[in-house]
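Reviewing the structure listed below.
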2 protein chains.
Amino acid sequence: MEGNAAARELVKRAFIIDCALHTISENGSFNVTMEDIAKSAGFSKGGLNHYFSSKDELFEAAFQEYFDRIFVRSQERINSFSDPMDKLLSFDWLFNWEDPDVNVGYPLLFDCHVLAVRHDTYRKIFHEWVERWVDMLRSAVIEGIEKGVFPKIDPDATARCISAIYHGFATRWYLDKEGHSTAWAIEYYRKAITGLIKGMGGDDII
Amino acid sequence: MEGNAAARELVKRAFIIDCALHTISENGSFNVTMEDIAKSAGFSKGGLNHYFSSKDELFEAAFQEYFDRIFVRSQERINSFSDPMDKLLSFDWLFNWEDPDVNVGYPLLFDCHVLAVRHDTYRKIFHEWVERWVDMLRSAVIEGIEKGVFPKIDPDATARCISAIYHGFATRWYLDKEGHSTAWAIEYYRKAITGLIKGMGGDDII
DNA sequence: CAAAAAACCGACCGGCCGGTTTTAAATAAT
DNA sequence: ATTATTTAAAACCGGCCGGTCGGTTTTTTG
């Protein structure tokens with residue numbers, strides 16, 4: 001029954017990580033104590049310590065899990081479209097307050113930014129997440145160029161632009177609801193991306 | 001000499017706030033203690049307490065000061081251009097590693113995001129900063145429309161887009177240098193904005 | 001069923017932090 | 001010169017947190 005025991009351990013670890021994600025999202029990673037997470041998972045501090053021997057270890061695992069989760073959902077969503085432009089615009093689910101991943105996710109993302117400023121581990125987590133996202137977008141851009149619906153643009157740089165633009169819209173949408181409605185976010189994200197693709201072909205500015 | 005004393009007090013407060021900004025930027029607002037700031041300003045904890053009776057008070061004053069400072073610089077810069085498109089692109093100084101305000105500023109901005117998630121005060125500070133920025137951009141967009149160099153677009157929504165796009169680019173540029181060079185940021189920020197303005201006129205998509 | 005191992009608990013320690021109080025030094029007023 | 005007042009340093013307090021550790025319960029194994 002060794003395999004079974006190992007599997008159970010993994011299940012419990014996953015459960016604790018999920019509890020940690022919710023607790024961190026609710027209170028902010030800098031205000032969360034090990035006891036908070038232990039309580040939320042139905043453990044004592046000592047019990048939690050059995051699965052994660054340090055706060056750093058648990059937190060890193062939690063953030064990694066979060067980015068993995070968002071990536072998987074993004075990938076499923078983008079793959080559900082066939083038109084390249086639809087693929088580029090497939091991230092509208094991230095502007096939905098009702099979505100639990102959204103509510104939990106944004107505070108985690110902002111925490112990750114702060115952590116990334118000073119910790120290599122989190123910088124790397126962020127970097128790899130961006131890279132995976134850019135990969136998805138780049139494929140869609142290349143597809144659009146090959147199908148002839150997009151002009152001949154630099155796929156990599158364009159993918160990074162789209163990703164960055166979404167990031168900016170999302171930050172405003174989440175942190176300044178007053179000035180940035182969901183309708184604005186969805187409509188103008190679309191316009192920004194279509195404008196970018198169209199306008200970036202020729203460099204006939206001015 | 002009462003006025004003089006009051007003036008001296010203000011000078012010292014301003015000096016402490018400046019020290020606080022640097023200390024917070026260096027260590028992150030959640031890791032900074034009152035003693036850290038006191039030391040950096042050449043005070044003891046008690047001395048610092050004479051000027052700011054609580055950590056919250058000092059921190060709020062510091063963040064307010066930082067956003068004011070960035071706003072003033074942005075305003076000076078945008079006003080140095082007369083062409084509307086040049087004005088929209090006048091934020092390139094924020095992609096300059098050599099600039100001290102830039103190095104100190106980004107960590108503060110990310111901290112402010114996290115604080116804004118759970119604190120009304122910081123949400124308000126962020127909101128007002130965004131609003132002032134949008135005001136500047138909106139004026140430039142309106143000017144462009146009136147001069148006939150921009151198509152007839154919604155000035156407010158467009159200004160919010162430009163502001164958000166810059167925010168997204170800046171986040172990537174600062175946190176993921178590896179994948180987002182300064183050259184990329186400047187060149188594609190320009191392309192994104194010009195594409196947005198051109199492409200947003202007619203809604204002739206697909 | 002008994003022995004061994006794993007899982008878990010909760011008290012505790014060392015250290016840190018924000019804020020207060022006490023003490024001392026510096027400056028101004030008399 | 002002496003006293004009063006402002007200013008700052010230092011000591012201190014209460015509270016919190018991460019991690020440790022001895023012990024207890026539960027599960028697995030022989």
Side-chain angles (χ1 to χ4, degrees), chain A residues 1-63 111 114-115 118-119 121-122, chain B residues 1-63 111 114-115 118-119 121-122:
Chain A
M1 289 286 166
E2 274 181 21
N4 204 330
R8 247 191 347 223
E9 165 126 0
L10 281 179
V11 168
K12 287 205 182 180
R13 274 180 68 102
F15 174 71
I16 292 170
I17 286 175
D18 195 59
C19 291
L21 280 178
H22 283 85
T23 309
I24 294 171
S25 174
E26 179 108 6
N27 300 86
S29 64
F30 296 96
N31 303 313
V32 166
T33 72
M34 288 297 269
E35 192 151 14
D36 290 338
I37 296 173
K39 282 260 172 66
S40 80
F43 283 88
S44 71
K45 255 174 77 167
L48 184 62
N49 186 253
H50 181 76
Y51 293 94
F52 295 93
S53 56
S54 81
K55 194 179 187 180
D56 279 354
E57 186 192 338
L58 171 54
F59 272 45
E60 283 169 21
F63 275 94
D111 269 347
V114 171
L115 290 163
R118 276 166 285 263
H119 285 148
T121 310
Y122 289 93
Chain B
M1 287 288 164
E2 273 181 21
N4 205 329
R8 251 193 339 231
E9 167 125 0
L10 281 179
V11 168
K12 286 203 183 179
R13 274 180 66 103
F15 174 71
I16 292 169
I17 285 175
D18 195 59
C19 292
L21 280 178
H22 283 84
T23 308
I24 294 172
S25 173
E26 179 109 6
N27 300 83
S29 63
F30 297 96
N31 303 313
V32 166
T33 72
M34 289 295 271
E35 191 151 15
D36 290 338
I37 297 173
K39 282 260 172 64
S40 80
F43 284 88
S44 73
K45 253 171 71 169
L48 185 62
N49 189 253
H50 178 75
Y51 293 95
F52 295 93
S53 55
S54 82
K55 194 181 187 179
D56 280 354
E57 186 191 338
L58 171 55
F59 273 45
E60 284 170 21
F63 276 93
D111 269 347
V114 171
L115 291 164
R118 276 165 286 263
H119 284 147
T121 310
Y122 289 93

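Per chain, numbering begins at 1; letters A, B, ... match sequence-line order.
- The salt bridge (Lys or Arg N to Asp or Glu O under 4.0 Å) pairs that include a residue from residues 16-32 of chain B are B:Asp18-B:Arg69, where partners are two or more places apart or lie in different chains.
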In B/S/- notation (B base, S sugar-phosphate only, - none; protein heavy atoms under 4.0 Å), nucleotides 8-24 of chain C written 5' to 3' is SBB------SBBB----

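- For residues 12-34 of chain A, every residue pair satisfying the ring-ring contact (aromatic ring centres under 6.0 Å, His included) rule, not counting sequence neighbours, is listed here: A:Phe30-B:Phe30.
- Legend: residues meeting ring pair (Phe, Tyr, Trp, His ring centres under 6.0 Å) with B:Phe59, ordered by chain and number and at least two apart, are absent.
- The stretch residues 30-41 of chain A participates, sequence neighbours left out, in these side chain to side chain donor-acceptor pair (under 3.5 Å) pairs: A:Thr23-A:Ser40, A:Thr33-A:Asp36.
- Shown for residues 15-30 of chain B: no residue has heavy atoms falling under 4.0 angstrom of DNA chain C.
- A:Met34 has its side chain within reach of A:Leu58: a pair of non-hydrogen atoms, C-beta onward, lies under 4.5 Å apart.
- Contact annotation: A:Arg8 does not reach the phosphate of D:dT26 (side-chain N/O to OP1 or OP2, under 4.0 Å).
- Per the geometry, CD1 belonging to A:Ile37 stands 14 Å off C1' belonging to D:dG19, to the nearest Å.
- Here the shortest heavy-atom pairing between A:Ala38 and A:Lys45 reads CB-N, 4.0 Å.
- Panel note: side chain B:Asp111, backbone B:Ser29; a donor-acceptor pair is recorded below 3.5 Å.
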Which pairs would a plain distance check flag for residues 48-56 of chain A, meaning a side-chain donor or acceptor within less than 3.5 Å of a matching protein atom at least two apart in sequence or in another chain?
| from | atom 1 | to | atom 2 | distance (Å) |
| --- | --- | --- | --- | --- |
| A:Ser53 | OG | A:Glu57 | OE1 | 3.1 |
| A:Ser54 | OG | A:Glu57 | N | 3.1 |
| A:Lys55 | NZ | A:Val32 | O | 2.9 |

